[in-house]
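Everything below concerns the one structure shown next.
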Amino acid sequence: MNPVELWGLIRRTGRIAQPAPARTTSPDTAGDSAGDKAGNTTKDPAADSAGQDLSVLAGSVQVRHVDCGSCNGCEIEIGAAFGPVYDAERYGARLVASPRHADVLVVTGVVTRNMARPLVRTVEATPRPRVVVAVGDCAAGHSVYAAGYAVDGSVADHVEVDLVVPGCPPSPDQIIEALRRVTRR
Amino acid sequence: MTRLHPTPSHEIAAADLHGAVAELLGEGWRLALVAGHDDPDALRVVQLWLRPVGERREIVVRVSHEDPRLPTLADVSFPAGRFERELLDLFGIHPEGHPMPQRLVRHAHWPNGWHPMRRDAAADPVFDDDLGSFPFLQVAGDGVYEIPVGPIHAGLIEPGHFRFSVVGETILRMKARLWFVHRGMERLFQGRTPEAAIELAERVSGDTAVGHTLAFVQAVEDALAVKVDPETAARRALLLELERLYNHVSDLGAMANDVGFGIPHIHAQRLRESLLRHNAALTGHRLLRGAIGVGTARLQCEPDLSLIASVAAEVVELAALTLGHSVVLDRFTRTGALPAEQARAIGVLGYVARASGVSIDARADHPSADLGPDFVPITETSADVRARYAVRAREFASSALLVPRLTRLAAAGGLGRSETQPGPGRSLPEVDPRGGEARPTAAEPRRPVGGPCAGVGVVEAWRGTLCHRVELAEDGTLSRVKIVDPSFFSWPAMPVALADTIVPDFPLVNKSFNQSYAGNDL
């Protein structure tokens, strides 16, 4: 490898991350906004399902992803959200390898019969306070697979869901917006 | 069942199956798909065989509901043995003499005797743990230990369970257990009109929306004898190449990242994002959904040829930086090798096969669009991670060259838009169906002329050759859809490539294969 070429690439490209969009909900209005038309939660979560204060998570959260029956479309957009253009890390959200390291679980997909138990056990393995974000229409309970014989309900049928990001798949911007509701940045 | 489609079909007795299959294999045919059907009078198994260039053949065998047994073909064809395990799980057809008839689709807690693709399968049986019925092989010996991984992995990937038997750092044996994201896709198609099933085809494997939708509509068009004009075929081929581009570029970066060379990964993600935005401008969807329908392919604007050319130039630069790095090259070379002989025996497809020197590419073998005289499948011979990287880097360049050609061919037909706005309702195609059936409306599906019919679609998606086979009932609704993602063929090769590889190279080898879980599990 020619290091001059590598430096050339880096210098020529310049900044990859796009400018940060403004936050849509301020932390002060948390709890005031109602659910949207589809019944999705759009307010900032103030407390997790056990009533624990989530403000301790403000600033920085560790995120674990769980696919429990997605087509892998949502994974493409979550990957983009954590990639260099959308750059979720600048808002304090970072992907980690284990639920035991995580504050936030990003769950995608309908719940298949073969993933129901791993999903529940992953949520149980995540320390409190924790936030479960259902990403995508499948996880939100509006899945095209809902009638499948191998499907065992949706995410909310198995675990408490704190935030929902609708879309098939949601755009990286929408995923970032949900994460910023948690990090409040 | 009346057959209208041009695939020659031969019904044979179960006792003659083994001989007939051995003969086909000897004549250079490849088993591409096996579909079970629960007909009122019998269980029916249809095998689709392919041979270059463009040859197709089907073999049909029937077994009774009372005694559903077929002689196994696992001794002559590894993929056939896997299809048999799928048939056992979903239809309860027993492969007699199969060397390893364990469950594949149904995990341990699925009830015994419940075969969900049977008509009379109970709607909601009791699921209960029976782990003993689904054991892992134990590797014994001094210093051998097991590493269980998954179903939830450390990275941002789909679920699957891997069990490594290891001595020191070296993998002795690796077993992959999949079907964690089995949703029952094929049954969801049943009873829908082809138009209403497009949304399912687009979501078989999210990263292969074009590949699956195209194979599906080709199968429907084959069944209904719908002709597609060359401009539409070119637009479809263009979409297929755009799907290859956005998937190849990110894996080229991810492979570099897996050996600690992060800068190409960042730039590859930047390039992928520009391709995804181009996809959205072209089709209204970042993953290219909504563009392909039965008889149609629509674009919302012309492709941006200068963008594709500049991304292609940058990918050349990234590949040169990556393969020019001595540490990267050292990690890639001789890692995860899959010898050609093994690749052929397992029936591997796509870039994994081509990196092992097996030239198999449906764009050349079963063409549905004119890619020009310059198009040739890209192969490498070293069969390792480096070869898989090189095949994909070269395919990126080759696809990027096909884009302007296909854009030119498609231009003769405009963008393929009808007067109405494309959308979820999808206005129906204004094609000229042979046989004189009335032009269908959204409310009334196109009816097959001579009663029920069947068709197949074969497409070279970015991971490899992908097949759909559909059957349509008299009222024009889907009575059966069988889907075979190339991942079904290629997954079993990964444990073979991992033998004698060290555990820390597993993520690299896995990324160099990058098979679909959703497409495999269905």
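Labels below follow one simple rule: chain letters A, B, ... track the order of the sequence lines, proteins then strands, and each chain is numbered from 1.
At a 4.5 Å heavy-atom cutoff, the contact between A/A147 and chain B is made by backbone and side-chain atoms alike. In this structure, the portions of A/C168 lying under 4.5 Å from any heavy atom of chain B include both its backbone and its side chain. Neither the backbone nor the side chain of B/Y517 comes within contact range of chain A, judged by heavy atoms closer than 4.5 Å. Contacts of B/I266 with chain A are made by both backbone and side-chain atoms, with heavy-atom separations under 4.5 Å. Looking at A/V144, the atoms closer than 4.5 Å to chain B (heavy atoms on both sides) sit in the backbone and in the side chain alike. For A/T122, the part sitting under 4.5 Å from any heavy atom of chain B is the side chain, from C-beta outward, and nothing else. Contacts of B/V105 with chain A are made by backbone atoms alone, with heavy-atom separations under 4.5 Å and no side-chain atom involved. With a 4.5 Å cut-off on non-hydrogen atoms, B/P151 touches chain A through its side chain but not through its backbone. Using a 4.5 Å cut-off between heavy atoms, B/L329 makes no contact with chain A at all. For A/S70, the part sitting under 4.5 Å from any heavy atom of chain B is the backbone (N, CA, C, O) and nothing else. Residue contact with chain A, scored on non-hydrogen atoms closer than 4.5 Å, involves the backbone and the side chain of B/E158 alike. Interface remark: A/P172 contributes side-chain atoms only to the contact with chain B (heavy atom separation under 4.5 Å). For A/I16, the part lying near chain B is the side chain, with the backbone staying farther off; criterion is any non-hydrogen pair under 4.5 Å. Only the side chain of A/Y86 comes within contact range of chain B, with heavy atoms under 4.5 Å apart. Contact annotation for B/H153: only backbone heavy atoms (N, CA, C, O) come within less than 4.5 Å of a heavy atom of chain A. Only the backbone of A/V96 comes within less than 4.5 Å of a heavy atom in chain B; its side chain stays farther off. With a 4.5 Å cut-off on non-hydrogen atoms, B/L156 touches chain A through its backbone and its side chain both.
Aromatic ring centres of B/H115 and A/Y149: separated by at least 6.0 Å.
Counting all heavy atoms, side chain and backbone alike, B/R183 lies closest to A/Y145 at NH1-OH, 3.0 Å. Minimum interatomic distance between B/Q269 and A/G79 (heavy atoms only, all atoms of both residues): NE2-O, 4.1 Å.
Most heavy-atom pairs under 4.5 Å with chain A: of the set B/A518, B/A209, B/P159, this distinction falls to B/P159. Contact count against chain A (heavy-atom pairs under 4.5 Å) is highest for B/W110 among B/W110, B/Y246, B/W179. Counting heavy-atom pairs under 4.5 Å between each of B/A280, B/G155, B/S516 and chain A puts B/G155 at the top. Listed options A/V110, A/V85, A/D152, A/L95 were ranked by heavy-atom pairs under 4.5 angstrom with chain B; first place goes to A/V85. Among B/H285, B/R272, B/H265, B/E317, the residue making the largest number of heavy-atom pairs under 4.5 Å with chain A is B/E317. Ranked by heavy-atom pairs under 4.5 Å with chain B, the first of A/N72, A/D67, A/V66 is A/N72.
The environment of A/R94 atom CZ is sparse: at most 12 non-hydrogen atoms of other residues, nucleotides or ligands sit within 6.0 angstrom. The environment of CZ in A/R100 is sparse: at most 12 heavy-atom neighbours from other residues, nucleotides or ligands sit within 6.0 Å. Heavy atoms of other residues, nucleotides or ligands lying less than 6.0 angstrom from CZ of B/R277 number more than 12. Shown here is A/E160, whose CD atom has no more than 12 heavy atoms of other residues, nucleotides or ligands within 6.0 Å.
Note that CG of B/L188 is 8.5 Å distant from OG of A/S143, once rounded to the nearest 0.5 Å. One finds the CG atom of B/D207 at 5.0 Å from the CD1 atom of A/I76 (value rounded to the nearest 0.5 Å).
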Go through the steps to decide whether A/R64 and B/I152 satisfy the test side chain to side chain contact (heavy atoms under 4.5 Å, CB included), and finish with yes or no.
CA-CA 10 Å; A/R64 174 68 229 148; B/I152 296 166; 3.8 Å; yes

B/E314 vs A/R12, side chain to side chain contact (heavy atoms under 4.5 Å, CB included): CA-CA, chis, key distance, verdict:
CA-CA 12 Å; B/E314 290 210 67; A/R12 193 179 71 230; 3.8 Å; yes

Can you check side chain to side chain contact (heavy atoms under 4.5 Å, CB included) on B/R286 and A/E77, steps first, answer last?
CA-CA 9 Å; B/R286 283 160 62 89; A/E77 296 301 39; 2.5 Å; yes

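With a 4.5 Å cut-off on side-chain heavy atoms, B/R106 and A/N114 do not count as touching.
The pair A/R113-B/D521 fails the salt-bridge criterion, with no side-chain N (NZ, NE, NH1 or NH2) lying under 4.0 Å from an Asp/Glu carboxylate O.
Of the possible polar contacts, none joining the A/T112 side chain to the B/V181 backbone as a donor-acceptor pair under 3.5 Å is found.
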